[in-house]
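Numbering starts at 1 and runs along the sequence shown. Small disclaimer: the values here were computed from a predicted structure and weren't measured.
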Amino acid sequence: MQRQRCGSVVLDKRISRWNFFYWENGKRRSKVIGTLSQYKTKATAWRAAKEMRHALENNHPVTARGSSARTLRELIEAYRWEKMPKRSDTRKGYESWIKVHILPRWGESRIPELQARPVQMWLDSLNLAPKSKVHVRGIISALWNFAMWRQDIPMQVNPISLVTISRATKRVRQPRVLTVEQFRSLVSYLHEPFATMALTCLCFGLRISECLALKWSDIDWLNGVLRVERGIVAQKVDSTKTEQSQRSLAIATEMLERLKLWKQVSEFSTDDDWIFASPQRLGRLPYSYTGVSRILREAAQRAGIGHLTTHAFRHTCRTWLDSKGTPVGIQKRLLRHSSIVTTMDRYGDALTNDMREAHCKIVNLALSPIANGR
């Protein structure tokens, strides 16, 4: 049974070629792995058949190593192994668009059939937000480039570049932004460490994945600096969303004191511990996003401010910075946006003092009244 499920590698001594044998619908099938000169031992040939074995174990079509993909489904299987983004959150998003939208419509189509006009008409028919359509178009375009890269089709102009998405930059729903009074009310209903967590997200403009992934060693207590070095999604530690997101941020004195207070009462306070370690996981992992989101929603309901997500803190940070007259270049550096790298790079590292001053303004809005009332 194990051999049928995983396949087997056999050397054809007559022509010195390795073949991968497997069972499909009760029939024995084979695919070429390579020659004996390419793979000197059975172990190396077995490793070379990794893609075929993975496809077999996951009930996907088994394609020969290096063979041309005949359909988009076969191309996607190869793309998963060779070019799919490695970051788990990004990969999860790609898989969702592929499985829900692309494969059901185009899975059995030949690659050249994905031309601009039929793809445009199909995207226009989907009941998706413009930004979501942009994501789907981007993946199809990446698949076309991948097909040319692996020489499944001749090099040519990518036809998906001609596909346009109307209102692609327009939001369907406006982001939620909290007033100072709403934030103060919210924090009054949050117990620790969630109150400090909310303050950290707001005052630094962090994504929740970045906030939960913070460790005590990321804080330079002497110089008042916070290093954002990683993210955590679905309890899997990963890189930050973009390279630009990985940055050191100044910490205002009041915020530094708030973090010190939490460190003093936390069960997990060594340098290698998570700042927001979960007692349920014995400190081995931080609190999960789902748990934090639930507690945040409950506090928001009690505070009478309605539905709230963790990303509202990031939008609120940007709005408060703007209300305090913070130059847009400094805002972009504080929020670590990668889409405007050129704008940020014009300011260089000389903005450190200005960034610290802008951060202090947000902390004064968010923290000072809370500290006096607790």
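- Residues passing the side chain to side chain contact (heavy atoms under 4.5 Å, CB included) test with Ile295 are Leu190, Phe194, sequence neighbours excluded.
- Leu114 has its side chain out of reach of Pro159: every pair of non-hydrogen atoms, C-beta onward, lies at least 4.5 Å apart.
- Val157 and Trp144 sit in two unconnected hydrophobic clusters of ILVMFWY residues. Membership requires side-chain heavy atoms under 4.5 Å apart, directly or through other members.
- Taking 4.5 Å as the limit, some side-chain heavy atom of Pro279 sits within range of a side-chain heavy atom of Tyr287.
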Should Glu95 and Lys92 be marked as a salt bridge (charged side-chain N to carboxylate O under 4.0 Å, His left out) after you check the CA-CA gap, both sets of side-chain angles, and the distance that decides it?
CA-CA 5 Å; Glu95 287 288 2; Lys92 183 179 178 181; over 6 Å; no

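- Shortest non-hydrogen contact noted between Leu11 and Ser16 is CD1-C, 4.0 Å.
- Looking at Thr316, its side chain does come within 3.5 Å of a backbone N or O of Ala312 through a donor-acceptor pair.
- Listed for the Thr41 side chain is a donor-acceptor partner under 3.5 Å among the backbone atoms of Thr44.
- Clustering ILVMFWY residues whenever any of their side-chain heavy atoms sit less than 4.5 angstrom apart, transitively, puts Val100 in a cluster other than the one holding Met84.
- Residues Ile15 and Tyr39 fall into different hydrophobic clusters, defined by Ile, Leu, Val, Met, Phe, Trp and Tyr side chains chained together at heavy-atom separations under 4.5 Å.
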side-chain contact (heavy atoms from CB on, under 4.5 Å) between Gln120 and Thr164, worked out:
CA-CA 7 Å; Gln120 178 83 68; Thr164 59; 3.5 Å; yes

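- Here CE of Met197 is found 10.0 Å from CD1 of Ile275. Values are rounded to the nearest 0.5 Å.
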Given side-chain contact (heavy atoms from CB on, under 4.5 Å), test Gln246 with Ser239 step by step and report yes or no.
CA-CA 8 Å; Gln246 194 168 345; Ser239 58; 5.8 Å; no

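- A distance-only check finds no donor-acceptor pair linking the side chain of Thr196 to the backbone of Glu192 [under 3.5 Å].
- Panel note: side chain Arg314, backbone Gly205; a donor-acceptor pair is recorded below 3.5 Å.
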Give the C-alpha distance, both sets of side-chain angles, the deciding distance and a yes or no for side-chain contact (heavy atoms from CB on, under 4.5 Å) between Met255 and Thr200.
CA-CA 8 Å; Met255 190 66 205; Thr200 303; 3.5 Å; yes

Please test Lys236 against Asp238 for salt bridge (charged side-chain N to carboxylate O under 4.0 Å, His left out), starting from the C-alpha separation and ending with a verdict.
CA-CA 6 Å; Lys236 293 182 179 179; Asp238 210 333; over 6 Å; no

Sequence neighbours excluded and cut-off under 3.5 Å, please list the side-chain donor-acceptor pairs for residues 216-229, or say none.
residue : atom : partner : partner atom : Å
Trp216  : NE1  : Phe268  : O            : 2.9
Ser217  : OG   : Asp271  : O            : 3.3
Asp218  : OD1  : Arg230  : NH2          : 3.2
Asp218  : OD2  : Lys215  : N            : 2.8
Asp218  : OD2  : Arg230  : NH1          : 2.7
Asp220  : OD1  : Leu222  : N            : 3.3
Asp220  : OD1  : Asn223  : N            : 3.1
Asp220  : OD2  : Asn223  : ND2          : 2.9
Arg227  : NH2  : Ser217  : O            : 2.4

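- Shown here for Arg28 and Ser8, the closest heavy-atom pair between the two residues is NH2-OG, 4.4 Å.
- Listed by first then second residue, pairs satisfying salt bridge (charged side-chain N to carboxylate O under 4.0 Å, His left out) with a partner in residues 279-298 read Arg294-Glu298, not counting sequence neighbours.
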Apply side-chain hydrogen bond (donor to acceptor under 3.5 Å, both in side chains) to the pair Asp273 and Thr270, showing each step before the final yes or no.
CA-CA 5 Å; Asp273 282 331; Thr270 64; 2.8 Å; yes

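- In this structure, the ring pair (Phe, Tyr, Trp, His ring centres under 6.0 Å) partners of Trp122, at least two apart in sequence or on a different chain, are Trp106.
- The closest donor-acceptor contact from the side chain of His359 to the backbone of Phe204 lies at 3.5 Å or more, if one exists at all.
- Residues Leu126 and Val134 share a single hydrophobic cluster, defined by chaining ILVMFWY side chains whose heavy atoms lie under 4.5 Å apart.
- Trp262 approaches Pro193 most closely through the heavy-atom pair CZ2-CB, 3.3 Å.
- Partners of Tyr79 under the ring pair (Phe, Tyr, Trp, His ring centres under 6.0 Å) rule, at least two apart in sequence or in another chain, are Phe146.
- Under a cut-off of 6.0 angstrom, the local environment of NZ in Lys86 is crowded, with over 12 non-hydrogen atoms contributed by other residues, nucleotides or ligands.
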Please lay out, stage by stage, how Gln156 and Met148 fare under the test side-chain contact (heavy atoms from CB on, under 4.5 Å).
CA-CA 8 Å; Gln156 57 191 286; Met148 290 188 286; 3.8 Å; yes

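- In the hydrophobic cluster analysis, where Ile, Leu, Val, Met, Phe, Trp and Tyr join through side-chain heavy atoms closer than 4.5 angstrom, Leu308 is grouped apart from Val177.
- Side-chain contact check for Leu202 versus Leu178: every heavy-atom pair is 4.5 Å or farther apart.
- Counting only heavy atoms from C-beta outward, the side chains of Phe313 and Phe183 approach each other to under 4.5 Å.
- Atom CD1 in Ile153 sits 8.0 Å away from atom CG in Asn158 (nearest 0.5 Å).
- In this structure, the side chains of Trp18 and Lys42 come closer than 4.5 Å at one or more pairs of heavy atoms.
- Of the possible donor and acceptor atoms, none in the side chain of Arg150 sits under 3.5 Å from a partner among the backbone N and O of Leu75.
- Under a 3.5 Å cut-off, the side chain of Gln301 and the backbone N or O of Leu296 do not form any donor-acceptor pair.
- The shortest side-chain heavy-atom distance between Asn364 and Glu254 falls under the 4.5 Å cut-off.
- For the side-chain contact (heavy atoms from CB on, under 4.5 Å) with Leu212, the lone residue among Leu206, Leu285, Val237, Ile232 that qualifies is Ile232.
- A donor-acceptor contact shorter than 3.5 Å links the side chain of Ser323 to the backbone of Trp320.
- The closest donor-acceptor contact from the side chain of Ser209 to the backbone of Gly231 lies at 3.5 Å or more, if one exists at all.
- For the atom pair OG (Ser109) and CD1 (Ile102), the distance works out to 11.5 Å, reported to the nearest 0.5 Å.
- No side-chain heavy atom of Val233 sits less than 4.5 Å from a side-chain heavy atom of Arg91.
- Looking only at side-chain heavy atoms (C-beta outward), Val363 and Cys203 come within less than 4.5 Å of each other.
- Checked against side chain to side chain contact (heavy atoms under 4.5 Å, CB included), Leu103 has the following partners two or more places apart in sequence or in another chain: Arg73, Ile76, Arg80, Ile98.
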